[in-house]
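For reference, the structure is listed below as structure tokens.
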Amino acid sequence: MAIVHKTWTNLNSSILGKLHSSCSVQICGIKYFPPPPTYEGMEIPEKSKLKFMEKTPNLGNIKMPKMIKNLRFMRGPEQIHNSFIHKQYGIIALGGGRMRHGHFEMVRLTVGRKMDPTRMFAIWRVDPPWQPVTKKGQGQRMGGGKGAIDHYVTPIKADRVIIELGGKCTFDEVKGFLGTIAHNLPFKAEAISHEILEERRRLEKKAEEDNLNPYTFEYLIKNNMGNCQSWIRRIDHFHFGKYI
């Protein structure tokens, strides 16, 4: 009986020793927390909220001419407004589409409610609605010429910056409501920061440079392999399957 008690005591002491050693490793040591950003030199503009966008373009006494769809305004990548000016946060489009006046108001009102204007600011990076869209009345027959102008839209290309938000804040503070706005837009969009955007584009460029397969989609189209130029879309001759 004494031998069993002694063995049980030794077993308990060894288990407690292991638990104590494991706990000491987790709770001991120096913990380093980086200091919060100071935002030195950051100036908040006097008008920090998004301005109101007009529903129709103001051309004075000039009558707005009717236009065709012009899908080229929405196809392909954005070449100019595809990066952040203030290098902080914003919303970028992941595909082409059109923004109506109601979408502008949704963005403006949501940002105005959610952000703190004393230490944040937001700016538009898109033009107000300018492209006319015609529509005929319900029940009319075909023919009779082009219908009257119904509303105005702003065409958006992929990689276009919709709004930009900055100030004395972190991305975690604004990611929530920026993501909600991006989800409610009529095209695929994403709330993103400048660092994430630059890192993503760097990885895409690196993947293209490190690609060992010479038979890319661009190579197949340019060399007309399998007579692919007879059936591919026209836009694939310029963007090689990357954009719709």
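For the numbers below, each heavy atom of this structure counts, side chains included, while hydrogens, waters and symmetry mates do not.
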Output the distance between atom [atom1] ([X]) and atom [atom2] ([Y]), rounded to the nearest 0.5 Å.
| X | Y | atom1 | atom2 | result |
| --- | --- | --- | --- | --- |
| I192 | L178 | CD1 | CG | 11.5 Å |
| L50 | F121 | CG | CZ | 11.0 Å |
| H151 | Q131 | NE2 | CD | 9.0 Å |
| T154 | F104 | OG1 | CZ | 3.5 Å |
| D116 | S48 | CG | OG | 8.5 Å |
| I44 | E46 | CD1 | CD | 13.0 Å |

Other residues, nucleotides and ligands only: do more than 12 of their heavy atoms fall within 6.0 Å of [atom1] on [X]?
| X | atom1 | value |
| --- | --- | --- |
| H183 | NE2 | no |
| I80 | CD1 | no |
| K66 | NZ | yes |
| R100 | CZ | no |
| K136 | NZ | yes |
| Q140 | CD | yes |
| N211 | CG | yes |
| N213 | CG | yes |

Note to self: Using every non-hydrogen atom in the two residues, find where G167 and M42 come nearest and quote the distance to one decimal.
What the structure shows: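 That would be O-CE, 3.9 Å.
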Item checked: For the student: nearest non-hydrogen atoms of G179 and A191, plus distance ->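 Nearest pair, atom of G179 first, then A191: N-CB, 3.7 Å.
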Ignoring hydrogens and angles, tell me if any N or O in the side chain of [X] forms a donor-acceptor pair with the backbone of [Y] under 3.5 Å.
| X | Y | result |
| --- | --- | --- |
| E164 | H86 | yes |
| R160 | R125 | yes |
| N70 | R72 | no |
| E78 | H81 | yes |

Looking at [X] versus [Y], is the centre-to-centre ring distance below 6.0 Å?
| X | Y | result |
| --- | --- | --- |
| F52 | W124 | no |
| H103 | F187 | no |
| F240 | F217 | no |

Are [Y] and [X] co-members of a hydrophobic cluster defined by side-chain heavy atoms under 4.5 Å apart?
| X | Y | value |
| --- | --- | --- |
| Y152 | I68 | no |
| I235 | W231 | no |
| V161 | I196 | yes |
| I162 | I92 | yes |
| V111 | M53 | yes |

Item checked: The single option from V107, I156, L94 passing side chain to side chain contact (heavy atoms under 4.5 Å, CB included) against L185 ->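 One option only clears the test, and that one is V107.
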Next item on the list: Please name the residue in the list M67, K146, K69 that meets the side chain to side chain contact (heavy atoms under 4.5 Å, CB included) test with T134.
Entry: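 One option only clears the test, and that one is K146.
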Next item on the list: Verify the distance criterion only: is there a donor paired with an acceptor across the side chains of Y243 and D159 at less than 3.5 Å?
Entry: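 Side-chain D/A pair, Y243 to D159: present.
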Next item on the list: Verify whether one side chain among D172 and T170 offers a donor that lies under 3.5 Å from an acceptor in the other.
Entry: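 Looking only at side-chain atoms, T170 and D172 do not form any donor-acceptor pair under 3.5 Å.
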Check ion pair [X]-[Y] (N to O, under 4.0 angstrom):
| X | Y | result |
| --- | --- | --- |
| E198 | R202 | no |
| R200 | E190 | yes |
| R201 | E204 | no |
| D236 | R233 | yes |
| E105 | R108 | yes |

Can you confirm whether [X] sits close enough to [Y] that some side-chain heavy atom of one is under 4.5 Å from a side-chain heavy atom of the other?
| X | Y | result |
| --- | --- | --- |
| M115 | F177 | yes |
| M225 | Y219 | yes |
| S193 | E195 | yes |
| T180 | T110 | no |
| M99 | V153 | no |
| L71 | M74 | yes |
| Q229 | H237 | yes |
| R113 | L109 | yes |

Next item on the list: Applying side chain to side chain donor-acceptor pair (under 3.5 Å), name anything that partners N227, two or more places apart in sequence or on another chain.
Entry: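 N227 satisfies side chain to side chain donor-acceptor pair (under 3.5 Å) with S230 only.
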Margin query: Test salt bridge (Lys or Arg N to Asp or Glu O under 4.0 Å) on R119 and E173; report intermediate values, then the result.
Written below: CA-CA 12 Å; R119 58 188 182 91; E173 295 181 63; 2.7 Å; yes
Margin query: What verdict does the side-chain contact (heavy atoms from CB on, under 4.5 Å) test give for Q88 and H194, after you've listed the backbone C-alpha separation in whole Å, the side-chain angles of each residue and the deciding distance to 0.1 Å?
Written below: CA-CA 5 Å; Q88 284 195 282; H194 175 73; 5.9 Å; no
